[in-house]
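Basis for what follows: all heavy atoms, side chains included, without hydrogens, waters or symmetry-related copies.
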2 protein chains.
Amino acid sequence: MIRIGKLTDYGIVVMTHLARDPAQAVMAASDLAQATSLGPSTVAKLLKVLLRAGLLVSHRGIRGGYSLSRPAEEISVGQIIGAIEGPVVMTECGGQPANKCSMRHVCTAQSHWHRIDDVVREALESLKLEELARPLRLRKAGALQRQPGDQQPADRRRSKRP
Amino acid sequence: MIRIGKLTDYGIVVMTHLARDPAQAVMAASDLAQATSLGPSTVAKLLKVLLRAGLLVSHRGIRGGYSLSRPAEEISVGQIIGAIEGPVVMTECGGQPANKCSMRHVCTAQSHWHRIDDVVREALESLKLEELARPLRLRKAGALQRQPGDQQPADRRRSKRP
DNA sequence: CCTATACAGTACTAAATAGGTCCTGTTTAG
DNA sequence: CTAAACAGGACCTATTTAGTACTGTATAGG
Ligand code: FES
Ligand code: FES
């Protein structure tokens, strides 16, 4: 599989949404959540991670929200993935040289993995957020209602509310 | 992380061991397990998977075991990974066009992911088992370009439980 | 023919990770 | 002062992965 996690894909989606905004306006987490039909909590968590990685800037207070810290051309999907999942490596041999890897005694692929990782990293780095944000310009503006077959996280707000 | 699973790494190790044998001799699963210091059951399972994928041939009976089905130059790490983990894709958008992906409504990265996947797949396909099996002590000083402040993502606390 | 050996297939449990929710602060425009 | 919205966690749950076991079946060699 060699997969990236769902969260990371969400991250791409959210970042793309931000990047598409013409005026780089500040957007609140809840707005973003609604726009992407993802769970508000999930989006909030995500945004915090992206903020910490320096990909976003936040504005606190009543009219607060998030916006990109840099132009979309200077943000790569590699950076987004890196922010959410950690360094882009495929094996235990990640980052560190061959002293940390638990199977270095028996595996002869160390240097090769590093090479593979490099290729992947480069491919990911070369794809910029701007490129993702460009093509879609839906004229259909208000289709944010609940979509039946769509992904709707378990809504368990069953607090005992009098 | 974009990681391959441990099993897959084991698979590479086991295959490399097979490939290193000068006479392509048949090796029993238990021997392989001992040689790699992996669990016998784990190795046995792994070998079955690799067999099914056509990368190995098996020899049953009292002097049985496994050997490569093809010369090591014709087996790529991509094939090994594919055998154990399934198709090499990074997102839900794997293989199938954009009908199966659960977030196609909101994500604009479909085609881009396919491109990335292609690059990774190609890199993995170009690295042959023979190349892994060949060098025993390839010590090349300074061959790897390490980036000191490479990524600075959410720091994953890997609790080390002995 | 008989039997020990080693593969074939599958079922199962345990551990690890990822996904998702919630709560308790802090900051700040109005 | 207050409400909106971020900051930073703690927390639980679901899914995936890793690892093991067990019951067959084929076959070389005595
Ligand atoms: S993965 Fe680190 S030695 Fe093979
Ligand atoms: S991953 Fe399939 S649409 Fe983005």
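- Residues B/Glu125 and B/Arg121 are not paired through a salt bridge, judged by the lack of any N-O separation under 4.0 Å between the basic side chain and the carboxylate.
- One atom, CG of B/Leu50, and another, P of C/dA8, lie 12 Å apart when rounded to the nearest Å.
- When the shell of 6.0 Å around CD of A/Glu74 is examined, it contains more than 12 heavy atoms from other residues, nucleotides or ligands.
- One can place CG of A/Leu56 at 13 Å from P of D/dG8, the figure rounded to the nearest angstrom.
- A/His59 has its NE2 atom 15 Å from the C1' atom of D/dA7, to the nearest Å.
- Side-chain nitrogen and oxygen atoms of A/Arg52 include at least one within less than 4.0 Å of the OP1 or OP2 phosphate oxygen of D/dG9.
- Atom CZ of B/Arg63 is separated from atom P of D/dG30 by 12 Å (rounded to the nearest Å).
- By the 4.0 Å N-to-carboxylate-O rule, B/Asp118 lies too far from B/Arg115 to be salt-bridged with it.
- Other residues, nucleotides and ligands place no more than 12 heavy atoms under 6.0 Å from the CD atom of A/Glu122.
- Within residues 27-36 of chain B, no residue approaches DNA chain D, by heavy-atom distance under 4.0 Å.
- Rounded to whole angstrom, the span from the CG atom of B/Leu18 across to the P atom of C/dC7 amounts to 11 Å.
- In this structure, A/Leu47 reaches neither bases nor backbone, as no heavy-atom distance under 4.0 Å exists between it and the strands shown.
- A donor-acceptor contact under 3.5 Å is not formed by the side chain of A/Lys6 with the base of C/dG19.
- When each of A/Thr8 and A/Gly61 is assigned the nucleotide of DNA chain C bearing its nearest heavy atom, the one mapping closer to the 5' terminus is A/Thr8.
- Using a 4.5 Å cut-off between side-chain heavy atoms of Ile, Leu, Val, Met, Phe, Trp and Tyr, A/Val119 falls into a hydrophobic cluster with B/Val119.
- Taking 4.0 Å as the cut-off between side-chain N and carboxylate O, A/Asp9 and A/Lys6 do not count as a salt-bridged pair.
- Dashed line: the shortest gap from a side-chain N or O of A/Thr42 to OP1 or OP2 of C/dT21 is under 4.0 Å.
- Distance A/Arg3 CZ to C/dT17 P: 19 Å, rounded to the nearest Å.
- In the set C/dT10, D/dT27, D/dA4, the nucleotide with an atom closest to the side chain of A/Ile62 is D/dA4.
- Regarding contacts with the backbone of D/dG19, a side-chain N or O of B/Tyr10 is found under 4.0 angstrom from either OP1 or OP2.
- D/dC6 atom C1' lies 5 Å from atom CZ of A/Arg60, rounded to whole Å.
- Look at A/Ser58 and you won't find any side-chain N or O under 4.0 angstrom from OP1 or OP2 of D/dA5.
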Margin query: Using the rule given for side chain to side chain donor-acceptor pair (under 3.5 Å), can you reason through B/Thr8 versus B/Glu85, listing the C-alpha separation, both sets of side-chain angles and the distance that settles it, and then say yes or no?
Written below: CA-CA 7 Å; B/Thr8 308; B/Glu85 309 228 357; 2.3 Å; yes
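- A straight line from NZ of B/Lys45 to P of C/dA11 spans 13 Å, rounded to a whole angstrom.
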